[in-house]
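Quick caveat, the model's predicted, so the values are computed rather than measured.
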Amino acid sequence: MIQSVQRALRIMELVGRHADGVTAPRIAFECGLNRATAYNLLRTLVYEHYLRRDENGRYTLGLEVSDRYSELTRAIAGPSTCGEFMRRMSTETGYSTFIARFVEGRPAVTDVIEGHRSPHVEELIVGFDDGAHATALGKALLATLQPHDRARFLKSAGMRPFTRRTLIEPDALEYDLAVYGESGVYAEMGQFRDGVGCAGVIVREGDSPNERIVFAVALPLEEIHTSWPALTGRLRDAAVELEPLL
């Protein structure tokens, strides 16, 4: 245990029990601290806004405590919108998150939240509807089509190479979709942009392609290799959480 952290928490617990504030000497006495230690911890907690000190030298809880409480209640309640869920996941993982669906018959990005750990890909913005064969979100949506509909789409859209890893033959894509379809999590590893990986999961299926929705994340390519088991589990959980929000 880190003793200084424990001491700081005991101080906050004590201060929280005194709505009218409590003085430093009393804090030191009731927490069993020498005054020098108590004053050092109090100064730090005030500096970080977890405590406030009034003109009479009495300490009360600061605004940061309220912020942490608000975050806790939001986490317990869960996100109320798709955007809130995406922001939460991007904050927790650092990865950019995407929603995609069929728009006028083409897989298209309809929502994006960028994460600080994901490489920025200029093309992957709201409205992007190219390269479905090379992106995880595009693959996931294409997987919901019947084989003859998928073949017709690929013939019309083409399968141009974005990188040397891009699958440019329909048979290769069919095999790729079959392999990932077993786990329910679709991926591309450097097929759309060098150094970038992407994984996606189907959130909602429907009779009509327009009802089908996919959630995906983008991350550094080396991380998709090392974190694949955990990532697939996280994406399956995300699909369950997101479905009622869409």
Side-chain angles (χ1 to χ4, degrees), residues 71 75 79 81-101 106-144 157 159-169 172-203 213-243 245-246:
E71 291 166 356
T81 67
C82 174
E84 286 180 12
F85 177 88
M86 293 175 68
R87 282 189 290 274
R88 188 185 75 181
M89 188 156 178
S90 288
T91 298
E92 291 175 357
T93 64
Y95 300 151
S96 297
T97 55
F98 304 84
I99 293 290
R101 63 186 79 205
R106 297 177 64 87
V109 176
T110 57
D111 205 352
V112 179
I113 299 293
E114 290 205 16
H116 69 278
R117 290 174 57 196
S118 292
H120 177 66
V121 182
E122 293 81 0
E123 293 94 333
L124 291 180
I125 59 175
V126 173
F128 177 76
D129 64 353
D130 193 13
H133 62 291
T135 64
L137 54 88
K139 289 181 181 183
L141 285 171
L142 290 177
T144 70
M159 297 179 67
R160 73 181 178 92
F162 289 88
T163 74
R164 60 183 178 82
R165 301 184 184 211
T166 305
L167 303 179
I168 57 174
E169 295 294 335
L173 180 63
E174 287 296 321
Y175 178 79
D176 196 65
L177 296 182
V179 170
Y180 286 122
E182 293 182 1
S183 69
V185 180
Y186 298 83
E188 63 86 6
M189 302 186 184
Q191 295 173 17
F192 184 71
R193 279 292 174 272
D194 288 322
V196 181
C198 189
V201 62
I202 299 168
V203 176
I213 301 173
V214 164
F215 175 72
V217 297
L219 59 159
L221 184 57
E222 63 271 14
E223 291 189 25
I224 200 171
H225 290 294
T226 58
S227 65
W228 183 250
L231 182 62
T232 55
R234 188 70 179 271
L235 284 170
R236 291 191 193 100
D237 291 342
V240 174
E241 288 190 65
L242 266 173
E243 202 282 332
L245 303 179
L246 293 166

d(C198 SG, L219 CG) to nearest 0.5 Å is 7.5 Å
To the nearest 0.5 Å, tell me how far C82 SG sits from L245 CG.
-> 7.0 Å
For I168, does its backbone N or O pair with a side-chain atom of T166 as donor and acceptor, under 3.5 Å?
-> no
Where at least one partner belongs to residues 225-235, residue pairs that pass side-chain hydrogen bond (donor to acceptor under 3.5 Å, both in side chains), sequence neighbours excluded | E92-R234
What salt bridge (Lys or Arg N to Asp or Glu O under 4.0 Å) pairs are there with at least one residue in residues 185-194, not counting sequence neighbours?
-> E123-R193
Could you tell me how the ring of F128 sits relative to the ring of F192: parallel (under 30°), tilted (30 to 60°) or perpendicular (over 60°)?
-> perpendicular
Closest approach of G200 and L235, non-hydrogen atoms and distance?
-> N-CD1, 4.2 Å
Pairing residues for T91 by the side-chain contact (heavy atoms from CB on, under 4.5 Å) criterion, not counting sequence neighbours | none
What pairs with E114 under salt bridge (charged side-chain N to carboxylate O under 4.0 Å, His left out), at least two apart in sequence or on another chain?
-> none
V217 side chain near T93 side chain, heavy-atom distance below 4.5 Å | no
State whether the side chain of S118 and the backbone N or O of A218 hold a donor-acceptor pair below 3.5 Å, judged by distance alone.
-> yes
Going by heavy atoms in the side chains, are L242 and I213 under 4.5 Å from each other?
-> no
Do M86 and T81 come within less than 4.5 Å of each other through their side chains, counting heavy atoms only?
-> no
Could you grab the distance from atom CE of M89 to atom OG1 of T97, nearest 0.5 Å is fine?
-> 7.5 Å
Does any N or O in the side chain of R165 come within less than 3.5 Å of the main-chain N or O of G190, such that one atom is a donor and the other an acceptor?
-> no
Can you list, pair by pair, the side-chain donor-acceptor contacts under 3.5 Å of residues 134-141, counting residues two or more places apart and other chains?
| from | atom 1 | to | atom 2 | distance (Å) |
| --- | --- | --- | --- | --- |
| T135 | OG1 | G138 | N | 3.0 |
| K139 | NZ | D176 | OD2 | 2.7 |
| K139 | NZ | A187 | O | 3.0 |
| K139 | NZ | Q191 | OE1 | 2.8 |

What class does the angle between the rings of F85 and F215 fall in, given that below 30° is parallel, 30 to 60° is tilted and above 60° is perpendicular?
-> perpendicular
Audit row: L167, H133, side chain to side chain contact (heavy atoms under 4.5 Å, CB included) steps and yes/no = CA-CA 7 Å; L167 303 179; H133 62 291; 5.6 Å; no
Check: S90 side chain, R87 main-chain N or O, donor-acceptor pair, under 3.5 Å = no
R236 and S183, any side-chain heavy atoms less than 4.5 Å apart | yes
By salt bridge (charged side-chain N to carboxylate O under 4.0 Å, His left out), which residues pair with R117, not counting sequence neighbours?
-> E223
Flag the pair L124 / V112 as yes when at least one side-chain heavy-atom distance between them is below 4.5 Å, and no otherwise.
-> no
Distance col, row F98:CZ vs T110:OG1, nearest 0.5 angstrom, shows 11.5 Å
Side-chain heavy atoms of T144 within contact of V214, under 4.5 Å | no
